Amino acid sequence: MTPLSRLHDITPAIAPGFAVWPGDEAPSQQWLCRIDAGATVNLSSLRSTVHLGAHADAPLHYRADGRAMDECPLDAFLGPARVVRVAPEQLGPQRRIPAEALAPHLDAMPPRVLVATGTYAPGTPYSDDFASFSPEAIDLLAARGAVLVGIDTPSVDPLNDAALLSHGRLAAHGLMNLEGLVLEGVPVGDYELIALPLRLVGFDASPVRAVLRELSAP
């Protein structure tokens, strides 16, 4: 990394009370010892859902026989990526992103695509009025060679989709995904994505520290 490389932090700030998916466990911090109480160090623990802020789903999240987080390929979360933006008026039924809204942005597509919708503000009081992918959009991205898709909302499916149709298409194509990204203010274009999940054995997801690094000029 050269001093001129610019990083875009696309991870929301996490603090106790951060809004999470209904039924998930919001993060809380417990201090085990404090310097101001006579301890030699400050030491705290974190209790939370693993679907926290910017996070990766493992196939185990939506398939009983799916791979756990520690079994997922790391290379999907590191490498060339494209940020595209979809306007609210382009969304289809249930505010799903239709394939035709993405198609114009996929020429010479890198294998990772992050979609900015501007329909959710991470960490604020939870709202289910957010954009998600249509199954056809996942199919299109897979057909164009994607290995990972990401979105700036809590899920690739709407809250009320018990069938998890878009998660199902991820499973069908072997795609990894990132949810809960912060893409506001990030210009559309190509970057290097760095969003490595923790090696959580047997877990269904992992928080990530997701960043985009601007590519050097040719």
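Note that the structure is a prediction, hence the values are computed from the model and not measured. What you see below is based on every heavy atom in this structure, not just the backbone, and it leaves out hydrogens, waters and symmetry mates.
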Q. Does a side-chain heavy-atom distance below 4.5 Å link Val115 with Leu102?
A. yes
Value for NE2 (His55) from CG (Asp204), rounded to nearest 0.5 Å, stands at 9.0 Å
Q | Heavy-atom donor-acceptor pair, Arg144 side chain to Pro111 backbone, under 3.5 Å | A | no
Same cluster or not: Met69 versus Ile194, using hydrophobic residues (I, L, V, M, F, W, Y) connected whenever any side-chain heavy atoms lie under 4.5 Å apart? yes
Correct closest heavy-atom pair for Ala54 and Leu181 would be CB-CD2, 4.1 Å
- [ ] Show your reasoning for whether side-chain contact (heavy atoms from CB on, under 4.5 Å) applies to Phe133 and Ile151.
- [x] CA-CA 8 Å; Phe133 286 104; Ile151 194 166; 3.9 Å; yes
What one should report as the nearest heavy-atom pair of His173 and Ala142 is CG-CB, 3.4 Å
Side chains of Asn42 and Cys33 in contact at under 4.5 Å (non-hydrogen atoms) = no
Whether the side chain of Asp70 engages the backbone of Gly202 through a donor-acceptor N/O pair (distance < 3.5 Å, no angle test) should be reported. yes
**Message:** Quick check on the hydrophobic clustering: are Phe18 and Tyr126 connected, directly or via other members, by side-chain heavy-atom contacts under 4.5 Å?
**Reply:** no
### Message
Would a single hydrophobic cluster contain both Leu78 and Val211, if residues Ile, Leu, Val, Met, Phe, Trp and Tyr are joined by side-chain heavy-atom contacts under 4.5 Å?
### Response
yes
Taking it one step at a time, do Asp9 and Thr11 satisfy side chain to side chain donor-acceptor pair (under 3.5 Å)? CA-CA 6 Å; Asp9 191 347; Thr11 314; 3.2 Å; yes
Here the pair of heavy atoms bringing Cys72 nearest to Met176 is SG-CE, 3.6 Å
| message | For a 4.5 angstrom cut-off between non-hydrogen side-chain atoms, does Arg95 reach Thr119? | response | yes
| When hydrophobic residues are tied together by side-chain contacts of less than 4.5 Å, even through go-betweens, does Val83 share a cluster with Leu141? | no
Backbone N/O of Pro158 and side chain of Ser155: donor-acceptor pair under 3.5 Å: no
Note to self: Counting C-beta onward and ignoring hydrogens, is there a side-chain heavy-atom pair between Val156 and Ser132 closer than 4.5 Å?
What the structure shows: no
From CA spacing to verdict: side-chain contact (heavy atoms from CB on, under 4.5 Å), Leu198, Val208: CA-CA 7 Å; Leu198 299 175; Val208 301; over 6 Å; no
query = Within the distance-only criterion (no hydrogens, no angle test), does the side chain of Asp152 pair as donor or acceptor with the backbone N or O of Thr117 below 3.5 angstrom?
reply = yes
Here the pair of heavy atoms bringing Pro187 nearest to His8 is CD-CE1, 4.1 Å
### Query
So with a 6.0 Å cut-off around CZ of Arg209, is the heavy-atom count from everything else above 12?
no
*State plainly whether one hydrophobic cluster holds both Phe77 and Val149, where clusters connect Ile, Leu, Val, Met, Phe, Trp and Tyr through side-chain heavy atoms under 4.5 angstrom apart.*
no
Check whether any side-chain heavy atom of Pro98 sits under 4.5 Å from a side-chain heavy atom of Glu136, and report yes or no. no
d(Gln94 CD, Phe130 CZ) to nearest 0.5 Å is 10.5 Å
### Query
Would Asp139 and Arg169 pass as an ion pair if we require N to O under 4.0 Å?
yes
Note: Ala81 and Leu193 closest approach over all heavy atoms is CB-CB, 3.7 Å
request  = Take Leu114 and Ile10, measure what side-chain contact (heavy atoms from CB on, under 4.5 Å) needs, and give me the verdict at the end.
outcome  = CA-CA 11 Å; Leu114 312 179; Ile10 56 173; 4.0 Å; yes
### Stepwise side chain to side chain donor-acceptor pair (under 3.5 Å) test for Ser44 and Gln29
CA-CA 7 Å; Ser44 64; Gln29 181 183 29; 3.3 Å; yes
d(Ser206 OG, Leu196 CG) to nearest 0.5 Å is 9.5 Å
Any side-chain heavy atom of Arg6 sitting closer than 4.5 Å to one from Arg213?
-> no
| Heavy atoms, side chains only, cut-off 4.5 Å: are Arg96 and Pro135 in contact? | yes
- Query: Any side-chain donor paired with an acceptor under 3.5 Å for His167 and Asp157?
  - Reply: yes
dist Leu170:CG -> Ser166:OG (nearest 0.5 Å) comes out at 7.0 Å
Rounded to the nearest 0.5 Å, the CH2 atom of Trp21 sits from the CG atom of Leu52 at a distance of 14.5 Å
Could you check whether any side-chain heavy atom of Ile97 comes within less than 4.5 Å of a side-chain heavy atom of Gln90, counting everything from C-beta outward? no
In this structure, CZ of Arg47 is separated from OG of Ser28 (nearest 0.5 Å) by 7.0 Å
Hits for side-chain contact (heavy atoms from CB on, under 4.5 Å) against Ala171, two or more places apart or cross-chain, chain-then-number order -> Tyr62, Arg63
Those residues at least two apart in sequence (or on a different chain) that pass side-chain contact (heavy atoms from CB on, under 4.5 Å) with Ala163 are Asp161, Leu165
Besides Val182, the hydrophobic cluster formed by Ile, Leu, Val, Met, Phe, Trp and Tyr side chains linked at under 4.5 Å, directly or via other members, contains none
For Leu60 and Phe203: C-alpha separation, side-chain torsions, deciding distance, then whether side-chain contact (heavy atoms from CB on, under 4.5 Å) applies.
CA-CA 8 Å; Leu60 179 61; Phe203 277 78; over 6 Å; no
Looking only at heavy atoms, the pair that brings Ala131 and Thr153 closest together is O-OG1, 2.9 Å
